[in-house]
Visitor: 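Dumping the structure here so I can ask a few things about it.
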Amino acid sequence: MNQIETGKLIAGCRKEKNLTQAQLAEKLGITDRAVSKWETGKCMPDSSIMLELCAILDVSVNELLSGERIEMDDYEERVNQNLIALKRKDENNMTKNRMISIAYTVAMVIGIFVCCICDIAISKTLTWSLITLASILFTWIISFPIILLGKKGILISMVSITVFVIPFLYILSILLKVREIFRIGAILSMIALVFLWIIIVLYHRFRDRKLLATAITLLLAIPFTLLVNMALSRMIGEPVIDIWDMISVFILGIMGVAFIIGDYAKRNG
């Protein structure tokens with residue numbers, strides 16, 4: 001595979017279809033910057049949209065990966081070459097991710113050992129280092145899937161956060177001997193998790209209309225902000241809304257409306 005040749009083929013087929021980069025990007029639900037990177041050979045189209053891209057440009061996946069139109073006599077040979085190249089690329093990427101993941105894990109372990117050694121040297125026992133240990137382990141659990149799998153690990157990380165955030169807050173409250181950490185943190189974290197899951201569903205549902213998904217996210221942030229403030233008001237006596245909350249709500253509303261207008265304008269040329 002040659003990224004530059006593939007980019008030239010994408011550009012040529014796009015022009016044959018009388019499509020601008022922005023129009024092609026809209027059909028695929030991506031940015032025109034991504035299309036520009038393909039056409040300049042800086043990167044390849046993601047496998048998740050490759051079939052749709054080929055259908056729009058009226059080329060086969062094999063031709064796209066080869067970077068040229070293929071005669072039927074050479075078609076099977078090119079298929080085998082491209083499959084081997086794709087497999088090699090996936091293996092290289094996975095190997096690189098594994099190495100980064102190992103280095104990341106080793107750094108975490110070293111950090112834990114250093115903290116524990118310093119704690120024992122100063123306090124003759126494990127005290128504050130237990131807080132560091134719990135925090136590092138929690139960070140590792142929720143970040144490791146993304147480091148290892150990239151975008152594919154986002155969902156796994158979200159599941160990890162959902163499962164482990166409450167136990168982490170409980171352990172933290174015991175170590176710090178502050179019950180409010182768990183009592184307040186659990187409620188706020190559940191509100192935040194609901195909001196994050198809604199965002200994930202929105203971007204999946206409107207994957208071809210990211211401007212609209214962003215607009216809905218911004219507008220939904222308004223009631224969630226008020227919900228957080230109400231929870232804090234009941235627990236620690238904070239005012240439900242102050243001048244800074246009003247400014248934030250105003251800005252979120254303006255930005256949400258702006259993205260809705262942008263989505264409408266984009267869909268209507």
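Just so it is clear, the model here is predicted, and its values are computed rather than measured. Quick note: numbers below take in every heavy atom, side chains included, and nothing from hydrogens, waters or symmetry partners.
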Visitor: Show, in sequence, the C-alpha distance, side-chain angles and deciding distance for M99 and K96, and conclude whether the side-chain contact (heavy atoms from CB on, under 4.5 Å) test is met.
Guide: CA-CA 5 Å; M99 295 300 294; K96 182 177 69 175; 5.8 Å; no

Visitor: Tell me, please, which residues at least two apart from F224 pass ring-ring contact (aromatic ring centres under 6.0 Å, His included).
Guide: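 Partners of F224 by the ring-ring contact (aromatic ring centres under 6.0 Å, His included) criterion, ordered by chain and then number, come out as F195.
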
Visitor: With heavy-atom distances below 4.5 Å as the criterion, would you say the side chains of L24 and Q21 are in contact?
Guide: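 Result no, sub-4.5 Å side-chain heavy-atom pair not found.
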
Visitor: Taking distance alone, no hydrogens or angles, what donor-acceptor pairs closer than 3.5 Å link side-chain atoms of residues 28-35 to residues at least two apart or in another chain?
Guide:
from, atom 1, to, atom 2, distance (Å)
T31, OG1, A34, N, 3.3

Visitor: Taking F250 as the starting point, is it possible to reach I216 by hopping between hydrophobic residues whose side chains are less than 4.5 Å apart?
Guide: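 Result: no, two separate clusters.
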
Visitor: Evaluate the side-chain proximity of L232 to I184: yes if any heavy-atom separation is below 4.5 Å, no if none is.
Guide: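 Yes; the side chains approach each other to less than 4.5 Å.
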
Visitor: Do L219 and I260 have side-chain heavy atoms sitting under 4.5 Å apart?
Guide: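 Sidechains of I260 and L219: in contact.
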
Visitor: For residues 159-176, run the donor-acceptor check on the side chains, cut-off 3.5 Å, and write out each pair with its distance to 0.1 Å, sequence neighbours left out.
Guide:
from, atom 1, to, atom 2, distance (Å)
S160, OG, I156, O, 3.0
T162, OG1, M158, O, 2.8
T162, OG1, W197, NE1, 2.9
S173, OG, L169, O, 3.4
S173, OG, Y170, O, 2.6

Visitor: Check whether any side-chain heavy atom of L196 sits under 4.5 Å from a side-chain heavy atom of I200, and report yes or no.
Guide: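 Of all side-chain heavy-atom pairs linking I200 with L196, none is under 4.5 Å.
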
Visitor: Does any non-hydrogen side-chain atom of I236 lie less than 4.5 Å from one of E180?
Guide: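 Side-chain contact under 4.5 Å: no.
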
Visitor: Looking at side-chain heavy atoms only, is the closest gap between T214 and Y203 below 4.5 Å?
Guide: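 Answer yes - side chains close enough.
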
Visitor: Ignoring hydrogens and angles, tell me if any N or O in the side chain of E52 forms a donor-acceptor pair with the backbone of I49 under 3.5 Å.
Guide: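 Flag not set: sc E52 to bb I49 has no pair under 3.5 Å.
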
Visitor: Output a table of donor-acceptor pairs, distance under 3.5 Å, between side-chain atoms of residues 135-145 and any protein atom two or more places apart or on a different chain; print 'none' if there are none.
Guide:
from, atom 1, to, atom 2, distance (Å)
S135, OG, I131, O, 2.9
T139, OG1, S135, O, 2.8
W140, NE1, T105, OG1, 3.0
S143, OG, Y104, OH, 2.5
S143, OG, T139, O, 2.6

Visitor: Can you see which heavy atom on G256 is nearest to which on L218, and at what distance?
Guide: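 It is N-CD1, 3.8 Å.
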
Visitor: Restricting to side chain to side chain donor-acceptor pair (under 3.5 Å), what partner residues turn up for D119, sequence neighbours left out?
Guide: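 Side chain to side chain donor-acceptor pair (under 3.5 Å) check on D119 returns S123, T127, W128, S129.
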
Visitor: Is there a side-chain contact between N97 and L149, using heavy atoms and a 4.5 Å cut-off?
Guide: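 SC-SC contact between N97 and L149 ruled out.
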
Visitor: Suppose we screen for side chain to side chain donor-acceptor pair (under 3.5 Å). Which residues come up paired with D245, at least two apart in sequence or across chains?
Guide: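 Scan of D245 (side chain to side chain donor-acceptor pair (under 3.5 Å), adjacent residues dropped) gives N229.
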
